[in-house]
Amino acid sequence: KVWVVDDMSTDSMPDILKRLQGEYPDLQVLIREPGSCPGKSAALNEALALCKGDVMAVFDADASVAPDFLTKILPCLAPENVGAVQAQKRMYEYQKGFLVDCQDTEYALDSYFQVSRDLIGGAVELRGNGQLVKRQALVDVGGWNNKAITDDLDLSMRLLVNNWDITFSPDTVVWEEAVPTLKGLLRQRRRWAEGSIRRYLDYIFPLNSPTRLSLVERLDTLVFTVYFVVPALMLLEAGS
């Protein structure tokens, strides 16, 4: 089944979803009432309590995937020690412009890094959109962290320190919209940078424990903590 989470919207979304349910019997809708715990993590945790499957596939509202997406990516979760898999993220091709091209290039570079990290036994990270996580792994780490700024990076760290591997699937693609304005991009990257630093500080002791993580995983995690920090600081400096 497919769950759509209406996260306290104030427009006509509830009516639209109700109409779509009449067309698609497998579509389930979770409407979060005003006053609910804010954030994507809280919304995912509410949906998790209602889902019955062994694997949770998480997509943002702007996501689009090929019909064979699940067929191609699910085998990545076959090993018992693998708790999650991340698909390659790409920008929609209909979007044009310098800012879009920059983001698309960045995503391509991130995919290259993810493949490399997977090959050397490093710490592959989830990217929020197009991620699949085993229910068993989610239950083991206590679901998503409602206090996390970046739910995907926080979950990546908690899976890692609880001995769950994350793998990357370059052969499956999830398409999403690029941020169209520089102001919006700055806001997004500022949040990513803060979340990247915070998740490392939150789990600094287990992340640096030689009994939990290999040397490659520890070094890999430390190096990529600054992955979102440097671009954000450069953009902030350019805008000041």
Original post:
Would you say the side-chain atoms of Asn145 and Ser41 include a donor-acceptor pair closer than 3.5 Å?
Top reply: no
Subject >> Closest non-hydrogen atom pair between Thr150 and Trp192, with its separation >> reply: CG2-CA, 4.0 Å
Original post:
Are there more than 12 heavy atoms of other residues, nucleotides or ligands under 6.0 Å from atom OH of Tyr94?
Top reply: yes
**OP:** Taking the side chain as every heavy atom from C-beta outward, state whether Phe59 and Val2 have any pair of such atoms under 4.5 Å apart.
**Re:** no
Original post:
In terms of side-chain geometry, is the basic nitrogen of Lys40 or Asp60 positioned less than 4.0 Å from the acidic oxygen of its partner?
Top reply: yes
**OP:** Rounded to the nearest 0.5 Å, what's the gap from CG on Asn146 to CH2 on Trp144? Could you check?
**Re:** 11.0 Å
Subject >> Shortest non-hydrogen contact from Val173 toward Val65 >> reply: O-CG1, 3.8 Å
Original post:
Within the distance-only criterion (no hydrogens, no angle test), does the side chain of Thr181 pair as donor or acceptor with the backbone N or O of Gly184 below 3.5 angstrom?
Top reply: yes
Original post:
Hey, what do you get for CD (Gln114) to CZ (Arg117), rounding to the nearest 0.5 Å?
Top reply: 5.5 Å
Original post:
What heavy-atom pair brings Val5 and Ala47 nearest, and what distance separates the two atoms?
Top reply: CG2-CB, 4.1 Å
**OP:** Give a yes or no answer on whether the side chain of Arg90 reaches the backbone of Trp175 with a donor-acceptor pair at less than 3.5 Å.
**Re:** no
Subject >> Distance (rounded to the nearest 0.5 Å) between Tyr107 OH and Leu109 CG >> reply: 12.5 Å
Original post:
Would you call Ser36 and Met8 a side-chain contact if the rule is heavy atoms closer than 4.5 Å?
Top reply: yes
Original post:
Could you state the interatomic distance from CD1 (Ile73) to CG (Asp68), rounded to the nearest 0.5 Å?
Top reply: 11.0 Å
Original post:
Are the side chains of Val174 and Gln131 in touch, meaning some heavy atoms are under 4.5 Å apart?
Top reply: no
Subject >> Criterion side-chain contact (heavy atoms from CB on, under 4.5 Å) against Arg135, the qualifying member of Leu48, Val55, Asp140 >> reply: Leu48
**OP:** Give a yes or no on whether a salt bridge exists between Glu106 and Arg189, defined as a side-chain N under 4.0 angstrom from a carboxylate O.
**Re:** yes
Original post:
Is it true that atom OH of Tyr92 has more than 12 heavy atoms of other residues, nucleotides or ligands lying nearer than 6.0 Å?
Top reply: yes
Original post:
Same hydrophobic cluster for Leu126 and Leu153, using side-chain heavy-atom links shorter than 4.5 Å among ILVMFWY?
Top reply: no
Original post:
Who passes salt bridge (Lys or Arg N to Asp or Glu O under 4.0 Å) against Asp11, sequence neighbours left out?
Top reply: none
**OP:** Compare all side-chain heavy atoms of Cys102 with those of Phe98 and state whether any distance is below 4.5 angstrom.
**Re:** yes
Original post:
Do the side chain of Asn162 and the main chain of Arg158 share a donor and acceptor less than 3.5 angstrom apart?
Top reply: yes
Original post:
Are Met157 and Val139 connected, step by step, through hydrophobic side chains (Ile, Leu, Val, Met, Phe, Trp, Tyr) whose heavy atoms are closer than 4.5 Å?
Top reply: no
**OP:** Could you tell me which non-hydrogen atom of Asp165 sits nearest to which non-hydrogen atom of Asn81, and how far apart they are?
**Re:** OD2-ND2, 2.5 Å
Original post:
Do Val124 and Leu159 belong together in a cluster built from hydrophobic side chains that touch within less than 4.5 Å?
Top reply: yes
Original post:
Going from CG on Leu17 to OG on Ser9, what distance comes out if it is rounded to the nearest 0.5 angstrom?
Top reply: 7.5 Å
Original post:
Who pairs with Asp101 by side chain to side chain contact (heavy atoms under 4.5 Å, CB included), at least two apart in sequence or on another chain?
Top reply: none
Original post:
Val29 versus Lys18: any side-chain heavy-atom pair under 4.5 Å?
Top reply: no
Original post:
When you look at CD of Gln136, are more than 12 heavy atoms from neighbouring residues, nucleotides or ligands closer to it than 6.0 Å?
Top reply: no
Subject >> Atom pair CZ/CG of Arg187 and Leu182 - distance to nearest 0.5 Å >> reply: 11.0 Å
Subject >> pair Gln28-Leu50: side-chain heavy atoms closer than 4.5 Å >> reply: no
Original post:
Linking I/L/V/M/F/W/Y whenever any side-chain heavy atoms sit under 4.5 Å apart, do Leu155 and Met56 land together?
Top reply: yes
Original post:
Any donor-acceptor pair under 3.5 Å linking the side chain of Gln88 with the backbone of Asp171?
Top reply: no
Original post:
Can you tell which of Lys89, Gln86, Glu176 makes a side chain to side chain donor-acceptor pair (under 3.5 Å) with Asn129?
Top reply: Glu176
**OP:** Answer yes or no: does atom CD of Glu80 have more than 12 heavy-atom neighbours from other residues, nucleotides or ligands under 6.0 Å?
**Re:** no
**OP:** Return the minimal non-hydrogen interatomic distance between Asp6 and Pro14, and the atom names on each side.
**Re:** OD2-CG, 3.2 Å
Subject >> Check against side-chain contact (heavy atoms from CB on, under 4.5 Å), Val82 and Cys76 >> reply: CA-CA 8 Å; Val82 174; Cys76 297; 5.9 Å; no
Subject >> Residue pair Leu20 / Leu27: nearest heavy atoms and the distance that separates them >> reply: CB-CD2, 3.7 Å
**OP:** Flag the pair Asp154 and Arg199 as a salt bridge only when some basic side-chain nitrogen lies within less than 4.0 angstrom of an acidic carboxylate oxygen.
**Re:** no
Original post:
salt bridge (Lys or Arg N to Asp or Glu O under 4.0 Å) between Arg127 and Asp152: does it pass, once the steps are laid out?
Top reply: CA-CA 6 Å; Arg127 292 290 182 250; Asp152 47 1; 5.7 Å; no
Original post:
Between Ile166 and Val133, is there a shared hydrophobic cluster once you connect ILVMFWY residues whose side-chain heavy atoms come closer than 4.5 Å?
Top reply: yes
Subject >> Salt bridge Lys134-Asp54, side-chain N to carboxylate O under 4.0 Å >> reply: no
